[in-house]
Visitor: 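Encoded as structure tokens, here's the structure I'll be asking about.
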Amino acid sequence: MLTAFTQAFRTPDLRKKLLFTLGIIVLYRIGTHVPIPGVDYKAVQECVSQADGNQGPFGLVNLFSGGALLQITIFALGILPYITASIILQLLTVVIPRLEALKKEGQAGTAKITQYTRYLTVALAILQGTGLVATARSGALFSGCTVASSIVPDRSIFTTVVMVVTMAAGTALVMWLGELITDRGIGNGMSILMFISIAATFPSALWAIKKSGTLADGWIEFGTVILVGLVMVGLVVFVEQAQRRIPVQYAKRMIGRRAYGGSSTYIPLKVNQAGVIPVIFASSLLYIPALVAQFAGGNAGWKTWIEQNLTKGDHPIYITAYFLLIVFFAFFYVSISFNPEEVADNMKQYGGFVPGIRAGRPTAQYLSYVLTRITWPGALYLGLIALVPTIALIGFGATNNFPFGGTSILIIVGVGLETVRQIESQLQQRHYEGFLR
């Protein structure tokens, strides 16, 4: 690994890409600490210290923003509006024929969908920014803080508009920085910024575990969490790399005097075909009742039931609902992202077939059968990985700062593996050994 990094920095073109990516990352991290106008920064810092890791229903958004959400900075919304817009466009592609036709047009259609994603990202940033400002003004952003209501001292319309516009502009800037990394840096820029946002929260969370520990001044708890994190990373890498390879044979075709085809390849079906999206969907759906109950006034029975059963991560109803939603969305997303009939038709058009399976409808049925079989262990794996923080809360005495959550580990491992593949592929293009040395 060290040799690969040394070779990467010795290659001038690759070194420029790596340094450019690091520069963009530094700018992004600086932006996560610049507060927006109209916010009492001292009150925010006091509320953050009083929260002590208990982020309530805003934990997922704060995770994707690298801790900038609770700090109410210009990058408070982070990359989450872009993620939401991308998922919405991907789902609408299945429903709206116009978007499906654009997807099949190649590069021009993809560029048009990307443009729609940008517009939707800005719209969602304005909507989420308005919600964040309203939540901060009402004091619901830090429910247990004594000075939460004084975070936004100026309640005028002009100040509110300036705050919302600033956060929307920050989201657009984050989106532009991610696209710069994609064009001139290493790997997918949005994924790398997401990786940095999540990884930036690890040091403070680990140090909080050390300070709150009681065994050997907290070092035993600290070492245990590190060990659990390493085991989880190894497990996630093992499952993320696992795939079922379906062999595909292409028949020979005579065109003139030349024979074409006759090659063999395979269709790689990953065990975790849906990635981390089912976890995001399930978390977002479970946050909605908690947010509604938090803003609702009075002591209604439904509000009390939600606060007792759907806001506490260690409650059996919450655990069961979270697990079942992850399994459901895993099957749902795989069904819309991989179409066995379309794959079978493309194989039949180019003369391909699965050995022992007739082309056409039998091939589609076989692919659907295999996909369902491997999606079950993938969905169960996602549900168990996502419940690791809950198990840690129960097993380690309700430690709210457990950093190695299922969502964070899945994203960090996935983005890390993809970035390493990008660097290795570029190294192989520039450094290869022939028959003569």
Visitor: Parallel, tilted or perpendicular for Phe329 and Phe332, by the 30°/60° rule?
Guide: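 Perpendicular: the ring planes of Phe329 and Phe332 meet at over 60°.
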Visitor: Any side-chain to backbone donor/acceptor pair from Thr73 onto Thr32? Under 3.5 Å, distance only.
Guide: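 It does hold such a pair.
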Visitor: Roughly how far, to the nearest 0.5 Å, is CD1 of Ile113 from CG of Leu92?
Guide: 10.5 Å
Visitor: Could you walk me through whether Met163 and Val152 pass the side-chain contact (heavy atoms from CB on, under 4.5 Å) check?
Guide: CA-CA 10 Å; Met163 294 173 67; Val152 184; 4.0 Å; yes
Visitor: Going through the checks in order, is the salt bridge (Lys or Arg N to Asp or Glu O under 4.0 Å) test met by Arg118 and Glu179?
Guide: CA-CA 11 Å; Arg118 293 169 182 165; Glu179 292 180 354; 2.9 Å; yes
Visitor: Would you compute the distance between atom CD of Glu105 and atom NZ of Lys112 and round it to the nearest 0.5 angstrom?
Guide: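 Between Glu105 CD and Lys112 NZ, I get 10.0 Å after rounding to 0.5 Å.
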Visitor: Answer yes or no: is there a side-chain heavy-atom contact under 4.5 Å between Val122 and Thr171?
Guide: no
Visitor: Looking at Arg15, I want to see if its CZ is surrounded by more than 12 non-hydrogen atoms of other residues, nucleotides or ligands under 6.0 Å.
Guide: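 Atom CZ in Arg15 is crowded, with more than 12 foreign heavy atoms closer than 6.0 Å.
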Visitor: Of the options Ile74, Val162, Leu132, which is the one that meets Met167 in a side chain to side chain contact (heavy atoms under 4.5 Å, CB included)?
Guide: Leu132
Visitor: Please tell me whether Thr375 and Thr372 have a donor and an acceptor in their side chains that are separated by less than 3.5 angstrom.
Guide: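 On atom types as modelled, these side chains do not qualify, holding no pair under 3.5 Å.
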Visitor: Roughly how far, to the nearest 0.5 Å, is the CG atom of Leu102 from the CG atom of Leu89?
Guide: 10.0 Å
Visitor: Any side-chain heavy atom of Val174 sitting closer than 4.5 Å to one from Ile79?
Guide: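 Side chain of Val174 against side chain of Ile79, heavy atoms only: contact under 4.5 Å found.
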Visitor: Are the side chains of Leu235 and Ile385 in touch, meaning some heavy atoms are under 4.5 Å apart?
Guide: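 They are in side-chain contact.
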Visitor: May I ask you to decide if Ile186's main-chain N or O and Thr21's side chain share a donor-acceptor pair within less than 3.5 Å?
Guide: yes
Visitor: Mind checking the CG-CD1 spacing from Leu124 to Ile83? Nearest 0.5 Å is all I need.
Guide: 12.0 Å
Visitor: Once side-chain hydrogen bond (donor to acceptor under 3.5 Å, both in side chains) is applied, what residue pairs with a partner in residues 88-104 remain, sequence neighbours excluded?
Guide: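 The answer is Gln90-Tyr333.
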Visitor: Looking at Gln107, I'd like to know if its CD atom is crowded, meaning that more than 12 non-hydrogen atoms belonging to other residues, nucleotides or ligands lie closer than 6.0 Å.
Guide: no
Visitor: Give the minimum heavy-atom separation between Ala330 and Leu382, together with the two atoms involved.
Guide: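 Shortest heavy-atom contact: CB-CD1, 4.4 Å.
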Visitor: So do the side chains of Leu193 and Tyr28 get within less than 4.5 Å of each other, counting heavy atoms only?
Guide: yes
Visitor: Examine distances only and state if a side-chain atom of Gln128 and a backbone atom of Ala125 form a donor-acceptor pair shorter than 3.5 Å.
Guide: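 No; zero donor-acceptor contacts below 3.5 Å.
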Visitor: Assess whether side-chain contact (heavy atoms from CB on, under 4.5 Å) is satisfied between Tyr41 and Ile72, documenting all intermediate values.
Guide: CA-CA 9 Å; Tyr41 187 69; Ile72 318 180; over 6 Å; no
Visitor: Are Asn188 and Thr182 close enough, and set up right, to give a side-chain contact (heavy atoms from CB on, under 4.5 Å), and what steps lead you there?
Guide: CA-CA 5 Å; Asn188 188 348; Thr182 304; 3.8 Å; yes
Visitor: I'd like to check Thr159 versus Arg155 (side-chain heavy atoms, cut-off strictly below 4.5 Å). Are they in contact?
Guide: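 No, every pair of side-chain atoms sits at 4.5 Å or beyond.
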Visitor: State the CZ-CG distance between Phe20 and Asp183, to the nearest 0.5 angstrom.
Guide: 8.5 Å
Visitor: Begin from the C-alpha positions of Leu410 and Tyr381 and carry the test side-chain contact (heavy atoms from CB on, under 4.5 Å) through to its verdict.
Guide: CA-CA 11 Å; Leu410 286 171; Tyr381 146 80; 3.1 Å; yes
Visitor: For the pair Thr201 (side chain) and Ile198 (backbone), establish whether a donor and an acceptor sit closer than 3.5 Å, ignoring hydrogens and angles.
Guide: yes
Visitor: Which pairs would a plain distance check flag for residues 227-234, meaning a side-chain donor or acceptor within less than 3.5 Å of a matching protein atom at least two apart in sequence or in another chain?
Guide:
none

Visitor: Do you know which two heavy atoms are closest between Ile151 and Cys47, and how far apart they sit?
Guide: CD1-SG, 4.2 Å
Visitor: For the residue pair Arg137 and Thr160, confirm or rule out a side-chain donor-acceptor distance under 3.5 Å.
Guide: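 Checked: Arg137/Thr160 side chains pair up, N/O donor to acceptor below 3.5 Å.
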Visitor: If the test is side chain to side chain contact (heavy atoms under 4.5 Å, CB included), which one of Ile412, Ile25, Val413 qualifies with Phe195?
Guide: Ile412
Visitor: Quick check: do Val34 and Phe75 have side-chain heavy atoms less than 4.5 Å from each other?
Guide: no
Visitor: With Asn272, which of Gln241, Glu240, Gln243 fulfils side chain to side chain donor-acceptor pair (under 3.5 Å)?
Guide: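 Passing option: Glu240.
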Visitor: Counting C-beta onward and ignoring hydrogens, is there a side-chain heavy-atom pair between Thr121 and Tyr116 closer than 4.5 Å?
Guide: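 SC-SC contact between Thr121 and Tyr116 ruled out.
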Visitor: Of the non-hydrogen atoms in Arg29 and His33, which two are nearest, and what is the gap between them?
Guide: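 Distance-wise, the nearest heavy atoms are O-ND1, 2.9 Å.
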Visitor: How long is the gap from CG on Leu177 to CD1 on Ile192, to the nearest 0.5 Å?
Guide: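 Output value for this atom pair is 12.5 Å.
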Visitor: Are Met190 and Met175 side-chain neighbours, meaning at least one heavy-atom pair lies under 4.5 Å?
Guide: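 Contact flag for Met190/Met175 side chains = yes.
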Visitor: Any salt bridge linking Glu418 with Arg421? Criterion: basic side-chain nitrogen under 4.0 Å from a carboxylate oxygen.
Guide: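 Yes, this pair counts.
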Visitor: Locate the shortest heavy-atom distance separating Phe323 from Leu387; write the atom from each residue and the value.
Guide: CD1-CD1, 4.0 Å
Visitor: For Ile126 versus Ala168, what's the shortest heavy-atom pair and its separation?
Guide: CG1-CB, 3.8 Å
Visitor: Hey, is the main chain of Ala364 close enough, under 3.5 Å, to the side chain of Ser368 for a donor-acceptor pair?
Guide: no
